Amino acid sequence: MSTLTRRTVPALAAAGLIALSLTGCVQGENSGGDAPAEASSGEWSTTTLSIDWATYNPLSLVVKDQGLIEEALGDSVEVEWLQSAGSNKANELLRSGSIDVGSTAGSAALFARANGSPIQVIDVYSQPEWSAIVVGPDSGITDVAELAGQSVAATKGTDPYFFLLQALEEAGLSVDDVEVQNVQHADGRALLDGGSVAAWAGLDPIMAAAEVESGDQLVYRNVDFNTYGFLNATEEFITEHADVAQVVVDAYEEARAWALAHPEETAQLLADAASIDLEVAQTVIDERSNLDVSGVPGDAQLAVLETISPIIAESGDVAGGQDALDEAIATIVHDEFALKATE
């Protein structure tokens, strides 16, 4: 990945960051508002931080490229970056303890927590339109209802999969009316382009590249069926290392201000990370990412989760059913870091 020269963020964001550093909010804040003893003596509560980056999370690319977390933590904390190929992979890494902080869609975070993964959303990185139903350039399919009896590629546990479930329900179908090929996102595109499936529940930036490179068509789009981008952390990390969690969220909010002020440079980072044409990356950043949202998780995100939870329950993929999903919705938000970062 190419390294871009870090530029000045907008004055308001910069002033807020300066104020945070002067008041000690960046280093040493915890969820209770008191600085841990380790932070007050110049040390952090951990010597390591494992965090993901993902091409579906442009802010992660900015944070990583500019070394924002490393700069704030200094040499006493080793930062390890791992790539998440999809929300399902991020959830696997979080559940196994391989990462402390990971990027998923809101629906995927809900799905994971309802199935027992102890994660909470600590920041919102986007409100994207990153999923759609995709068919090949010569397909005769023009409507979701025509997928009945067809094979569809989708990655279970991710927003495109839950997008597919919602699209099928709207068309009067259920997941039992199609044959789902559960593969990773890039493999879904390969199956579609190879003619092995009739449709693919796509994810950007792979989906945007498929439009340009393969002539694939988005036959069904619905921004309301896409859920927010969630930055999640394990409950253990939130409780035991709140000082470092605050640094992560502060870095994300700084990256948001920079990305909004520099969309072309952000698109270049995405193009480099995803190995796609700059034109494709610009489409994703300019038209489908919507980074200009509040980073504070709350009512807007919960409303989306409440809408989609019955569909997830009906899929049978959550052992505790609707009760487990309701409990997950009630406990998934941890907004204190984002509130401090956006003061």
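Remember, predicted model here, so these are calculated numbers, not experimental data. Heavy atoms only: backbone and side chains are in, while hydrogens, waters and symmetry mates are out.
- Less than 6.0 angstrom separates the ring centroid of Phe162 from the ring centroid of Phe111.
- Put simply, the side chain of Gln301 gets close to the backbone of Gly298: a donor and an acceptor are under 3.5 Å apart.
- In this model, no donor atom of one side chain and acceptor atom of the other lie less than 3.5 Å apart for Glu92 and Asn88.
- Taking both residues in full, the closest heavy atoms of Asp123 and Gly295 are given as OD1-O, 3.0 Å, listed atom of the first, atom of the second, then distance.
- One finds a salt bridge joining Arg256 and Glu253 here, because a Lys/Arg side-chain nitrogen approaches an Asp/Glu carboxylate oxygen to under 4.0 Å.
- Val248 and Val296 sit in two unconnected hydrophobic clusters of ILVMFWY residues. Membership requires side-chain heavy atoms under 4.5 Å apart, directly or through other members.
- A donor-acceptor contact closer than 3.5 angstrom is absent between the side chains of Asp159 and Ser131.
- A donor-acceptor contact under 3.5 angstrom links the side chains of Tyr252 and Asn57, judged on distance only.
- Under 3.5 Å, the side chains of Ser309 and Gln322 contain a donor-acceptor pair of N or O atoms.
- Surrounding CG of Asp143 are more than 12 heavy atoms belonging to other residues, nucleotides or ligands, all under 6.0 Å away.
- Closest of all the heavy-atom pairs between Thr55 and Leu270 is O-CD1, 3.3 Å.
- Summarising the geometry, atom OG1 belonging to Thr104 is positioned 4.0 Å from atom CG belonging to Asn232; distances are rounded to the nearest 0.5 Å.
- In this structure, a donor-acceptor pair under 3.5 Å is present between the side chains of Ser45 and Asp243.
- A donor-acceptor contact under 3.5 angstrom links the side chains of Ser50 and Glu80, judged on distance only.
- The minimum heavy-atom distance between Leu59 and Tyr125, with the atom names listed, is CD1-O, 3.6 Å.
- Residues Asp52 and Ser60 approach most closely at O-CB, 4.2 Å, considering heavy atoms.
- Hydrophobic clustering (ILVMFWY, side-chain heavy atoms < 4.5 Å, transitive): Ile312 and Tyr228 are in one cluster.
- Relative ring orientation between Phe163 and Tyr220 is described as tilted, the plane-to-plane angle lying within the 30° to 60° band.
- Contact check on Arg113 versus Glu235 returns a salt bridge, with a Lys/Arg side-chain nitrogen under 4.0 Å from an Asp/Glu carboxylate oxygen.
- Rounding to the nearest 0.5 angstrom, the gap separating the OG1 atom in Thr47 from the CG atom in Asp75 is 13.0 Å.
- Here Leu94 contributes atom CG and Gln120 contributes atom CD; the two are 12.0 Å apart, rounded to the nearest 0.5 Å.
- Note that the CD1 atom of Ile332 and the CG atom of Leu302 stand 8.0 Å from one another [nearest 0.5 Å].
- Summarising the geometry of Ser315 relative to Leu165, their closest heavy-atom pair is CB-CD1, 4.0 Å, with the distance given to 0.1 Å.
- A distance of 8.0 Å separates CG in Asp216 from CD in Glu211, rounded to the nearest 0.5 Å.
- Between Ala171 and Ala145 the shortest heavy-atom distance is CB-N, 3.9 Å.
- Atom CD of Gln150 is surrounded by more than 12 heavy atoms from other residues, nucleotides or ligands within 6.0 Å.
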request  = Could you give me the CA-CA distance, side-chain angles and deciding distance for Val77 and Thr48, then say whether side chain to side chain contact (heavy atoms under 4.5 Å, CB included) is met?
outcome  = CA-CA 5 Å; Val77 179; Thr48 61; 5.6 Å; no
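- Taking CE from Met207 and CG from Leu192, the interatomic distance works out to 12.0 Å, rounded to the nearest 0.5 Å.
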ask   = Step by step, would you call Arg189 with Ser214 a side-chain hydrogen bond (donor to acceptor under 3.5 Å, both in side chains)?
value = CA-CA 10 Å; Arg189 177 193 171 181; Ser214 304; 2.9 Å; yes
